[in-house]
K.L.:
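One structure, as structure tokens, below. Some questions next.
Values below: all heavy atoms of this structure, side chains included; hydrogens, waters and symmetry mates excluded. A note on names: the letters A, B, ... follow the listed sequences, proteins ahead of strands, and every chain is numbered from 1.
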Amino acid sequence: MKRAYYIFYKDFSSELRMRFALNALIMFVIVAVSTILFSLANEKVNQNVYAGMFWVVVFFSAMSGLSRTFVSEEERGTTLILSLIANPISIFIGKFLFNLVLLFFINTIIAFLYMILFQDFSIQNWDSFLLAFILGNIGIAGSSTIIAAIISKANVKGTLYPVLAFPVLLPLILMLIEITKSAMEGNPISDVEAELMVLISYDIIMITASVLVFDIIWRD
Amino acid sequence: MNNIQLIVKNLKKTFNRRLVFDKLSFEVRAGERLVITGKNGSGKSTLIKILAGVMNESSGSFEYIFDSGKIDREDIYKIIGLVSPYLVLYDEFSAFENLKLFAKIRNLKIDDDKINQILEKAGLFNRRNDLVRTYSSGMKQRVKYASAILHDPLVLLLDEPTSNLDIEGKDFVDELVQNFRKDGIVVVATNETQDFKYGQRIINLDDYKNNQSK
Amino acid sequence: MRAFWKYLLLILMTLVILGGLIPPIVAYPKNFFEFPLIPGLEDKARIIFFHVPTAWLTVLAYLIAMFYGIRYLKKKNIYDDMKSVSAAALGLVFCILATVTGSVWAKFTWGSFWHWDPRETSIFILLLIYGAYFALRSALDSEEKRARLSAIYSIIAFLTTPFFIFIMPRLMIGLHPGSLEIDPATGQIRASANPVIKFQMAANMRVVFFLSLTAFTILYFWFWNLTHRILKLEYNSQKEI
Ligand SMILES: Nc1ncnc2c1ncn2[C@@H]1O[C@H](COP(=O)(O)OP(=O)(O)OP(=O)(O)O)[C@@H](O)[C@H]1O
Ligand SMILES: [Mg+2]
């Protein structure tokens, strides 16, 4: 765990210096949110649409930034030194932590922007929204990290990432949209118990499986 | 007594349909120094990567035995130090930061003084706080040496050890190999005849291309 | 032995085509040759003999592709990868067939080509997964990497299937047999009264249905056998030192 933490720490300090992912992510969020803002142009739309659009922006911003942890290592040729100083499990967990922090950061910004820019995006039940937000970020970070590891070995990385990640993330996103809708309508948390259970099992299954198969992906 | 041993049995590597080497078997005992040679593209670097545990062999096996116990695949990295031209360090950090990070990630209990000492030995002390990006190739090669000996490994794998090094640098490598722990193993992959002096034994990979078994 | 399977397939397919298309559909079947009428479905009920087998093979193909993928990871035998990829290629073909037959039928029965009911969504996701699998393969140029990473991807994508099979049909209303719907009066989810959803097969239909499943499955294995053997021959003929 300590090793994983220091791998996270390495990525974090290198991100602070190089901005491999952060700049792209922030630009993406700004562009995406303003596009939605302009296209809606004060028109009244169904509340449910906002729940969907929130997670769509989250998904695509994850797709624009989370592959950098592995892709930048592969592109710069530092994969070798990394495999010489740590075992695959620590590497995976370190990268996962990094993506998780990045995702929390960026998604908080997205949520914040939604709340101030769209009056209709108002959460009535914060408990279920926050729980979904946390579990959702964990799940998205887990699946995105393992898929990033796969595509970092491929030739065309950019376009491949959302293609591979979408089917894997879809169940999660559908659940998140359901819970968000319910939270916007102010329904009690017991209404989305089943959905929250699905989120928890998704997170556990995906992260466990990723840890198990990462070794096979990692070693050439 | 601590005793490391490397046993390679019938090792074979192919890339897609191209055979690199086949039926490669040898043993290296503690204290031995082995030189691997062969033409360009004969598979020296490939063998080094396999022995470092970062690339999969196609068939056959290799194992490190320590105190009569086999070292797990996942733990090989702990006993290996590797220097090679295709090793790339994090160039957004300085040499010192690189080593410090490696020590942390490896969970080593060494302080800044020890890191400085190693950098001093590698002749980088004056430039230790400059970003690796700004280094010359020879200086980068020196940082790699520093990172390879940071954790006091039992096995040193050197691919083209003297590439890009000046006379002083070559002397440093000479000294390093000569003074490397007597209970350790050094494997050198090289085409430079002057590097052959590092080993007591030479394996030529050109001899392992026979494909008659098919 | 091979000839036996081919003849069996020929006979079964003929039976299925005749048995599926010829028997008249009447309101009160009196004999063995007549299928019962289902209000709202009429002749369109015959889709079941052809649509369901394609959907079944889409799933079976995925399982076979994943099975041989895992076997490749264990044994590192490139022939297993060929079996895996040819299973997946056929799976993709059947997936497209299932989607097309389903949506054409849906147009005439439910009024539009696509409804996003749980089964439709699932087959669509499967289509995406198959697409992603082949996109990944074409982006990897080393045989060994291609085999290894596509096997891993098939496993990871498979982990999401319990969601589509068990969870989504419970959370969403559907139009396929066995789905749930929302009771307009109470807002509760209940078993549906829709003719398609209540659809039960008569005994003679069931015979044709299972014959059809068998015939399509044999057809699948025959194709699969051919494709992976062709791949193997191609591979061996290109073998160099
Ligand atoms: N990732 C790879 N994919 C495909 N083929 C590879 C790969 N890496 C190496 N090879 C092939 O394997 C063979 C051995 O390469 P390797 O780099 O081990 O040679 P070498 O003995 O180190 O050569 P040199 O003396 O030039 O350093 C070469 O034919 C090379 O083309
Ligand atoms: Mg080489």
Side-chain angles (χ1 to χ4, degrees), chain A residues 1-23 68-98 149-150 152-155 211-220, chain B residues 13 15 45-46 48-58 71-95 97-109 131-133 140 143-144 146-151 153 155-157 159:
Chain A
M1 235 14 231
K2 218 166 171 180
R3 295 160 197 261
Y5 167 73
Y6 281 110
I7 289 177
F8 161 79
Y9 174 79
K10 167 191 91 61
D11 278 7
F12 191 78
S13 348
S14 128
E15 181 65 41
L16 286 184
R17 280 190 201 180
M18 305 292 290
R19 304 283 156 81
F20 287 117
L22 204 60
N23 287 350
R68 296 306 304 167
T69 44
F70 281 114
V71 172
S72 75
E73 302 262 4
E74 199 73 38
E75 278 172 355
R76 292 185 300 156
T78 48
T79 317
L80 180 61
I81 187 74
L82 191 56
S83 28
L84 285 172
I85 55 176
N87 57 353
I89 293 184
S90 322
I91 295 173
F92 180 78
I93 296 177
K95 299 281 182 190
F96 165 70
L97 287 178
F98 176 74
I150 295 179
S152 71
K153 307 279 178 193
N155 302 332
V211 168
L212 290 179
V213 299
F214 179 69
D215 179 34
I216 308 175
I217 301 173
W218 184 242
R219 198 180 296 133
D220 267 328
Chain B
K13 178 69 189 176
F15 283 111
S45 305
T46 305
I48 292 284
K49 284 185 213 167
I50 292 175
L51 294 181
V54 296
M55 184 183 263
N56 283 315
E57 67 276 21
S58 299
I71 293 179
D72 284 343
R73 199 66 187 249
E74 270 88 73
D75 293 331
I76 289 181
Y77 78 96
K78 291 181 187 160
I79 60 153
I80 295 246
L82 185 143
V83 177
S84 76
Y86 42 84
L87 186 68
V88 182
L89 301 180
Y90 293 100
D91 62 6
E92 70 271 29
F93 297 121
S94 68
E97 286 168 320
N98 263 293
L99 295 189
K100 177 114 193 178
L101 272 174
F102 297 164
K104 293 274 193 206
I105 293 174
R106 282 181 182 278
N107 207 2
L108 302 176
K109 310 225 168 356
L131 298 189
V132 170
R133 174 174 312 149
K140 284 182 184 158
V143 196
K144 293 178 197 172
S147 74
I149 55 176
L150 181 70
H151 52 296
V155 179
L156 209 51
L157 302 174
D159 195 354

K.L.:
Should A:Arg76 and B:Tyr90 be marked as a side-chain contact (heavy atoms from CB on, under 4.5 Å) after you check the CA-CA gap, both sets of side-chain angles, and the distance that decides it?
P.N.:
CA-CA 9 Å; A:Arg76 292 185 300 156; B:Tyr90 293 100; 3.7 Å; yes

K.L.:
Is there side-chain contact between B:Asn98 and A:Ile81, with heavy atoms separated by less than 4.5 Å?
P.N.:
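No, too far: nothing below the 4.5 Å cut-off.
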
K.L.:
To the closest 0.5 Å, what do you measure between CZ (A:Arg219) and CD (B:Glu74)?
P.N.:
6.5 Å

K.L.:
Please report the shortest heavy-atom distance between B:Val88 and A:Gly77, naming the atom on each side.
P.N.:
CB-O, 3.5 Å

K.L.:
Is it true that a side-chain atom of A:Arg3 and a backbone atom of B:Asn107 form a donor plus acceptor pair closer than 3.5 Å?
P.N.:
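Such a contact is absent between A:Arg3 side chain and B:Asn107 backbone.
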
K.L.:
Go through B:Lys78, B:Met55, B:Arg106 and name the one with the most non-hydrogen pairs under 4.5 angstrom from chain A.
P.N.:
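Counting heavy-atom pairs under 4.5 Å, the top option is B:Arg106.
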
K.L.:
Flag the one option from A:Trp218, A:Tyr6, A:Tyr5 with the top tally of heavy-atom pairs under 4.5 Å to chain B.
P.N.:
A:Tyr6

K.L.:
Most heavy-atom pairs under 4.5 angstrom with chain B, which of A:Ser90, A:Pro88, A:Ser14, A:Gly94?
P.N.:
A:Ser14

K.L.:
So how far is it from A:Met18 CE to B:Asp91 CG, rounded to the nearest 0.5 Å?
P.N.:
6.5 Å

K.L.:
Considering only heavy atoms, which portion of A:Arg17 lies under 4.5 Å from any heavy atom of chain B: side chain, backbone, both, or neither?
P.N.:
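Just the side chain, heavy atoms under 4.5 Å.
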
K.L.:
Measuring heavy-atom distances to chain B, does A:Ser13 have an atom under 4.5 Å in its side chain, in its backbone, in both, or in neither?
P.N.:
both

K.L.:
Between B:Leu131 and chain A, which part of the residue has a heavy atom less than 4.5 Å away: side chain, backbone, both or neither?
P.N.:
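Looking at B:Leu131, just its side chain touches chain A.
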
K.L.:
Run B:His151 and A:Ile85 through side-chain contact (heavy atoms from CB on, under 4.5 Å) and show every step you take.
P.N.:
CA-CA 10 Å; B:His151 52 296; A:Ile85 55 176; over 6 Å; no

K.L.:
Nearest 0.5 Å, what's the CG-CG distance between B:Leu89 and A:Leu80?
P.N.:
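Here the interatomic distance stands at 9.5 Å.
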
K.L.:
Side chain, backbone, both or neither: which part of A:Lys2 has a non-hydrogen atom closer than 4.5 Å to chain B?
P.N.:
side chain

K.L.:
Could you tell me the separation between the OG atom of A:Ser83 and the OH atom of B:Tyr77, rounded to the nearest 0.5 Å?
P.N.:
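Nearest 0.5 Å value for the OG-OH distance: 11.5 Å.
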
K.L.:
Roughly how far apart are A:Leu82 CG and B:Phe102 CZ, rounded to 0.5 Å?
P.N.:
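That separation rounds to 9.0 Å.
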
K.L.:
Please classify the contact between B:Leu101 and chain A as side chain, backbone, both or neither, with a heavy-atom cut-off of under 4.5 Å.
P.N.:
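Contact with chain A: side chain only.
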
K.L.:
In terms of heavy-atom proximity below 4.5 Å to chain A, should B:Lys144 be classed as side chain, backbone, both, or neither?
P.N.:
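For B:Lys144, neither part sits under 4.5 Å from chain A.
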
